[in-house]
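See below for the structure under consideration.
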Amino acid sequence: MKARSSAASHLTNNRIGTISLVFLLVSASAPMTVLAGGVVATFAVTGNIGAPLSFPVLGVALALFTVGYAAMSRYVHNPGAFYAYISLGLSRVWGVAASAVALVSYNAIQIGLYGLFGAALAAFAGAHWHSTVPWWGWALAAWATVALLGQLNIDLSAKVVGAFLAAEVVAVVLFDLGAFGHPAGGTIAVDGLKPHNLFANGVGGVFAFGIAAFVGFESGAVYSREVKDPRRTVARATYAAIAVTSVLYLISAWALSVATGPRDVVARARDPQSGIPFSLMAAHFGGIVADIANLLLITSVFAALLSFHMVSARYTFALGHERVLPPVAAHVGRRTGAPAAGSLLQSLLALVTVVLFTALHRDPLTELFTWLSYVAAVGVLVLLIGTSLSVVGYFSRISSPETVWQRLVAPILAAVSLTAITVVTVANADSVLGTAKGSVLTYALPGVVGVAALVGLVWGIVIKAARPAVYRGIGVGGPQQSWAGGALAGLLGIEPAPAS
């Protein structure tokens with residue numbers, strides 16, 4: 001008999017089609033943000049002109065991951081996504097550890113984006129509207145909007161994200177056309193596509209930045225209870241998201257090196273006065289088009305903020321529903337079907353963090369955004385590796401029509417390649433964070449993921465020992481009983497009363 005997980009939830013079902021889900025996944029990766037932020041930063045920090053080639057290389061590794069991930073998504077329909085996959089494929093204790101890593105990772109990337117949003121909008125408003133509103137003022141305005149949308153139904157949020165995504169993709173494609181139509185030196189250079197240029201000094205930093213650009217593609221399973229066809233929609237949307245982002249990022253990064261010239265791209269990226277890529281768009285299409293593209297960078301970040309907010313809220317919902325967290329975390333809006341409690345919790349955490357960074361006078365870009373984005377990248381890599389291994393474990397215990405490639409070969413290849421990328425990402429933390437090699441940050445930030453995993457592991461062991469009914473429900477919908485008293489009460493020998 002096939003083991004399935006289909007957490008009985010009150011999230012609104014049959015809301016999201018394949019196209020809508022693709023919009024959510026690609027918008028989380030934020031194409032305009034990757035071009036104007038990630039790609040420029042990669043050239044500037046690493047000095048590696050082969051950076052464009054890193055995107056298809058990473059895309060292949062992520063496609064291998066998706067083979068097993070998509071196969072398992074046909075059987076596991078749980079908004080806890082990686083938490084549920086790892087619970088059923090490895091063990092429930094490791095699943096709880098994964099849930100802690102997921103909560104830290106997705107909250108980190110979402111909150112870090114407030115720094116980027118605030119800084120980008122403050123700079124644009126200051127230059128064009130003579131505004132003196134500081135970055136945190138714009139960040140808090142975005143926070144309030146995201147907090148409101150997070151309480152509404154998924155249809156509205158998907159439409160908002162879809163509209164922003166369509167506009168920013170048009171802008172990115174427009175930049176690409178302008179770059180290839182006006183190459184530096186009059187010829188389209190292919191230096192950015194040559195392997196020997198990629199696998200040179202700075203390659204570790206290139207992959208670290210590159211994997212951060214893809215974060216979000218993997219979140220489709222979080223919506224598995226809300227899609228129209230759980231057996232197909234998640235798989236199709238994930239493959240589509242990888243294909244779109246891999247090709248778009250490859251072409252756009254290459255276009256940037258073509259427009260500036262491969263010999264000059266690093267220097268231009270390192271010069272804060274160069275204004276690339278918007279200065280190039282202004283030269284090719286005029287200042288108005290460049291200004292619109294700059295605004296689309298801001299809306300791109302906003303769309304990513306909303307996407308990651310919804311992902312974080314659904315992880316919290318799943319954990320509350322299965323009593324890993326108190327059941328109040330599973331509260332949903334009666335009219336909207338949105339994970340209201342998870343959304344509120346994420347909003348409160350974001351507010352506290354933004355206020356704290358503001359009070360401490362920390363930089364919104366080099367600290368709030370960069371630090372938390374790096375934590376998220378490492379955390380998601382760890383989750384991808386764990387999920388690849390869980391696919392092997394899951395299919396080894398059930399009878400299924402999946403091929404050996406889907407249930408064994410591709411997941412193992414994915415785990416190996418993703419482990420190598422993780423090692424490179426952690427070993428090159430200094431190049432991503434802009435700190436000295438061996439500085440406290442290079443250990444502390446990856447350490448956040450390790451601490452989260454350890455705390456989750458311990459909590460999983462406590463639940464297993466003290467609340468066996470809760471433990472058995474992890475990954476499969478949870479027990480139908482009260483969480484009152486929790487695991488600590490169980491360890492003390494006090495059995496809480498059942499739910500009335």
Side-chain angles (χ1 to χ4, degrees), residues 1-7 18 21-22 25 56-99 101-102 211 214 217-225 227 229-243 246 315 318 322 379-422 453 460 472-477:
M1 181 178 178
K2 296 177 181 179
R4 294 174 181 262
S5 169
S6 185
T18 300
L21 187 55
V22 171
L25 302 188
V57 171
L58 290 169
V60 169
L62 297 178
L64 287 171
F65 161 81
T66 304
V67 172
Y69 171 77
M72 197 166 172
S73 74
R74 300 185 185 105
Y75 302 87
V76 183
H77 308 150
N78 189 310
F82 292 158
Y83 147 77
Y85 284 43
I86 293 173
S87 294
L88 299 178
L90 297 181
S91 77
R92 288 170 170 80
V93 167
W94 284 111
V96 177
S99 74
V101 173
I211 200 65
F214 281 100
F217 88 94
E218 76 296 335
S219 57
V222 173
Y223 302 99
S224 60
R225 292 293 298 173
V227 297
D229 184 355
R231 289 183 60 83
R232 296 180 177 85
T233 301
V234 172
R236 290 173 177 174
T238 305
Y239 278 121
I242 291 177
S246 296
Y315 263 104
E322 297 190 357
V380 169
L381 277 169
V382 170
L383 292 172
L384 296 180
I385 295 167
T387 301
S388 295
L389 296 175
S390 73
V391 171
V392 178
Y394 181 79
F395 284 113
S396 70
R397 293 196 290 270
I398 71 168
S399 174
S400 73
E402 275 65 33
T403 65
V404 174
W405 168 252
Q406 292 173 299
R407 55 189 169 82
L408 182 64
V409 178
I412 289 176
L413 291 175
V416 171
S417 58
L418 290 167
T419 298
I421 293 169
T422 303
R472 288 193 297 271
I474 289 174
V476 294

So Arg74 and Ser400, side chain to side chain contact (heavy atoms under 4.5 Å, CB included) or not? Walk me through it.
CA-CA 11 Å; Arg74 300 185 185 105; Ser400 73; over 6 Å; no

Go through Met72 and Phe395 one step at a time and tell me if the side chain to side chain contact (heavy atoms under 4.5 Å, CB included) criterion holds.
CA-CA 8 Å; Met72 197 166 172; Phe395 284 113; 4.3 Å; yes

Using side chain to side chain contact (heavy atoms under 4.5 Å, CB included), reason through Val67 and Val409 one step at a time and then give a plain yes or no.
CA-CA 10 Å; Val67 172; Val409 178; over 6 Å; no

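Listed here is the closest heavy atom pair of Phe82 and Phe65: CE2-CZ, 3.9 Å. Heavy-atom minimum distance, Ile86 versus Leu383: CD1-O, 4.2 Å. In terms of heavy atoms, Gly475 sits closest to Glu322 at N-OE1, 2.5 Å.
One N or O on the side chain of Arg397 and one on the backbone of Leu88 form a donor-acceptor pair closer than 3.5 Å. With Ser73 contributing its side chain and Ala70 its backbone, the two residues share a donor-acceptor pair below 3.5 Å.
Taking Ser87 as the reference, Tyr83, Arg92, Ile474 meet the side-chain contact (heavy atoms from CB on, under 4.5 Å) condition, with sequence neighbours excluded. Residues that satisfy the ring-ring contact (aromatic ring centres under 6.0 Å, His included) test with Phe214, not counting sequence neighbours, are Tyr249. Residues that satisfy the side chain to side chain donor-acceptor pair (under 3.5 Å) test with Tyr69, not counting sequence neighbours, are absent from this structure.
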Donor-acceptor list for residues 233-241 side chains, cut-off 3.5 Å, not counting sequence neighbours:
residue : atom : partner : partner atom : Å
Thr233  : OG1  : Asp229  : N            : 3.4
Thr233  : OG1  : Asp229  : O            : 3.0
Thr238  : OG1  : Val234  : O            : 2.7

Only distances under 3.5 Å count here; give the side-chain donor-acceptor pairs of residues 411-420 to other protein atoms, sequence neighbours excluded, each with its distance to 0.1 Å.
residue : atom : partner : partner atom : Å
Ser417  : OG   : Leu413  : O            : 3.0
Ser417  : OG   : Ala414  : O            : 3.0
Thr419  : OG1  : Ala415  : O            : 2.6

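Within the structure, no pair that satisfies the salt bridge (Lys or Arg N to Asp or Glu O under 4.0 Å) test touches residues 76-91, not counting sequence neighbours.
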